[in-house]
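Single-structure report; data block below.
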Number of protein chains: 2
Amino acid sequence: MGRGKIEIKRIENSTNRQVTYSKRRGGIVKKARELTVLCDAEVSLIMFSSTGKFSEYISHTTTTKKIFDRYQQVSGINLWSSHYERMQEHLNKQKEINNNLQREIRRRMGGDLDDMSIEELRGLEQNLENSLKVVRERKYHVISTQTDTYKKKIRNLQEAHTNLLRQFSEMRIHTMG
Amino acid sequence: MGRGKIEIKRIENSTNRQVTYSKRRGGIVKKARELTVLCDAEVSLIMFSSTGKFSEYISHTTTTKKIFDRYQQVSGINLWSSHYERMQEHLNKQKEINNNLQREIRRRMGGDLDDMSIEELRGLEQNLENSLKVVRERKYHVISTQTDTYKKKIRNLQEAHTNLLRQFSEMRIHTMG
DNA sequence: CGCTCTATTTATAACGC
DNA sequence: TGCGTTATAAATAGAGC
């Protein structure tokens with residue numbers, strides 16, 4: 001190397017450290033490229049400088065994703081499959097819940113009744129009757145509320161109209177009289 | 001380097017290729033280690049030889065998983081999250097469908113009716129009436145089918161009983177007579 | 001920063017075991 | 001394969017611009 005043997009120890013001067021980093025980064029990338037070409041190897045080199053600057057080399061014969069996948073296979077280390085599996089489980093559960101809900105709705109709409117017993121059918125019937133009652137009550141309530149509102153509006157309008165008429169006739173008396 | 005300038009080109013002799021790979025692999029790992037220590041950098045170096053042999057160097061200050069995570073953050077490249085995100089989307093969709101289904105069921109059970117208009121309530125009422133009709137029909141059908149089955153069974157039993165009685169009386173006539 | 005210029009160290013190809 | 005040896009190419013520290 002340069003003028004005098006260097007000691008492999010953290011360079012305390014941060015400017016020099018960055019300069020050395022830049023130079024050596026070039027060198028190591030070159031080495032990686034040579035290894036790729038000369039030896040037909042697949043190399044992934046990822047570097048973060050002490051200031052957080054990112055650089056990488058990846059053999060042209062592959063991609064970083066491929067290397068990561070292969071790394072996992074070979075090293076046996078599961079980097080993210082635990083997440084993945086948990087999510088898959090979650091999804092399956094949701095799908096099952098979904099299917100059950102949809103079946104319940106179909107039944108409540110009069111379908112998919114074939115494998116229901118008399119008791120179950122009786123239960124469903126009663127349930128539907130109750131629901132129907134509640135929905136009807138709600139409907140009547142909404143209708144009556146709306147009717148009241150309309151009645152009130154009409155009353156108000158009539159009042160206003162009467163007032164206007166009175167004012168109008170008073171005005172005529174004053175101006176004409 | 002060695003005795004004579006070398007050309008950076010694939011080494012065709014596979015034995016030499018492997019020898020060169022081993023030597024240069026050592027060299028590049030040494031460079032990576034020096035970069036780590038001298039420059040306070042974080043380095044991940046993953047290599048697969050042409051025969052598939054795996055080796056890696058990782059700075060002692062970090063882990064391969066950390067480098068992978070950081071790589072993704074910095075490069076913006078989705079290594080696995082393409083899978084992951086699609087799954088998350090899927091899951092969210094399922095959850096939404098689920099919520100809608102549950103709301104529909106609640107309504108069909110007479111709940112959650114507050115923000116429904118008269119028209120919607122009328123539709124639901126009619127729907128429930130129809131469903132109730134279908135469920136009742138189904139119930140009657142099941143009951144009548146079951147009744148028929150019982151009737152048939154009874155008829156068969158009576159027939160068998162009559163036959164037995166006849167056979168018995170005939171037997172008595174033969175043995176006693 | 002980034003580039004150039006050396007002196008010097010380091011890496012390594014070729015060879016042998 | 002792996003480890004020495006050696007001649008030589010390559011990398012690079014330090015300096016200057």
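Here is the naming used below: chain letters follow the sequence lines, and residue numbers restart at 1 for every chain.
For residues 155-166 of chain B, the set of pairs meeting the salt bridge (charged side-chain N to carboxylate O under 4.0 Å, His left out) definition, not counting sequence neighbours, is empty. Sorted by first and then second residue, the pairs that involve residues 6-51 of chain B and meet ring pair (Phe, Tyr, Trp, His ring centres under 6.0 Å), not counting sequence neighbours, are B:F48-B:F54.
Between A:K30 and D:dA10 there is no side-chain N or O to OP1 or OP2 distance below 4.0 Å. A close approach under 4.0 Å does occur between a side-chain nitrogen or oxygen of B:Q18 and OP1 or OP2 of D:dT1.
Here C:dA13 is the nucleotide among C:dA13, D:dT1, D:dT12 with the atom lying nearest to any side-chain atom of B:R24. The side chain of B:K5 lies closest to D:dA10 when the candidates are D:dA13, D:dA10, C:dG2. When distances are taken from the side chain of A:K31 to each of D:dA13, D:dA11, C:dT10, the shortest belongs to D:dA11.
When rounded to the nearest whole Å, the span between CD1 of A:I6 and P of C:dT10 equals 7 Å. Residue B:E7 contributes atom CD, which lies 18 Å from atom P of C:dT12 at whole-angstrom precision. Regarding B:L35, its CG atom lies at a distance of 13 Å from the C1' atom of D:dT12, rounded to whole Å. As a whole-Å value, the separation of B:I28 CD1 from C:dA11 P is 12 Å. The CZ-P distance, from A:R17 to D:dG14, rounds to 15 Å in whole Å. Atom CD1 of A:I8 and atom P of C:dT10 are 8 Å apart (whole Å).
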Pairs under 3.5 angstrom, nitrogen or oxygen only, protein versus nucleotides 3-6 of chain D, please.
{"from": "D:dT6", "atom 1": "O2", "to": "B:R3", "atom 2": "NH2", "distance (Å)": "3.3"}

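By the salt bridge (Lys or Arg N to Asp or Glu O under 4.0 Å) test, A:R10 pairs with A:E12, B:D40, sequence neighbours left out.
The hydrophobic cluster of B:L157 has no other members, since no ILVMFWY side-chain heavy atom comes under 4.5 Å of it. Taking Ile, Leu, Val, Met, Phe, Trp and Tyr as hydrophobic and joining them when side-chain heavy atoms fall under 4.5 Å apart, one finds A:I105 in a cluster with A:I97, A:L101, A:M109, B:I97, B:L101, B:I105, B:M109.
The 5' end of DNA chain D is approached more closely, in terms of each residue's nearest nucleotide, by B:Y21 than by the other of B:Y21 and B:L38. Projected onto DNA chain C by closest heavy-atom contact, A:R25 and B:N16 fall at different nucleotides, the more 5' of which corresponds to A:R25.
Contact annotation for A:T15: no contact, since no heavy-atom pair falls under 4.0 Å across all strands.
Between A:R107 and A:D115 there is a salt bridge, with a side-chain nitrogen of the basic residue lying less than 4.0 Å from a carboxylate oxygen of the acidic one.
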| said: Run the side chain to side chain contact (heavy atoms under 4.5 Å, CB included) test on A:K53 and A:R25 for me, step by step, so that the C-alpha distance in whole Å, both residues' side-chain angles and the decisive distance to 0.1 Å come before the verdict. | reply: CA-CA 11 Å; A:K53 223 185 84 176; A:R25 186 190 50 179; 3.3 Å; yes

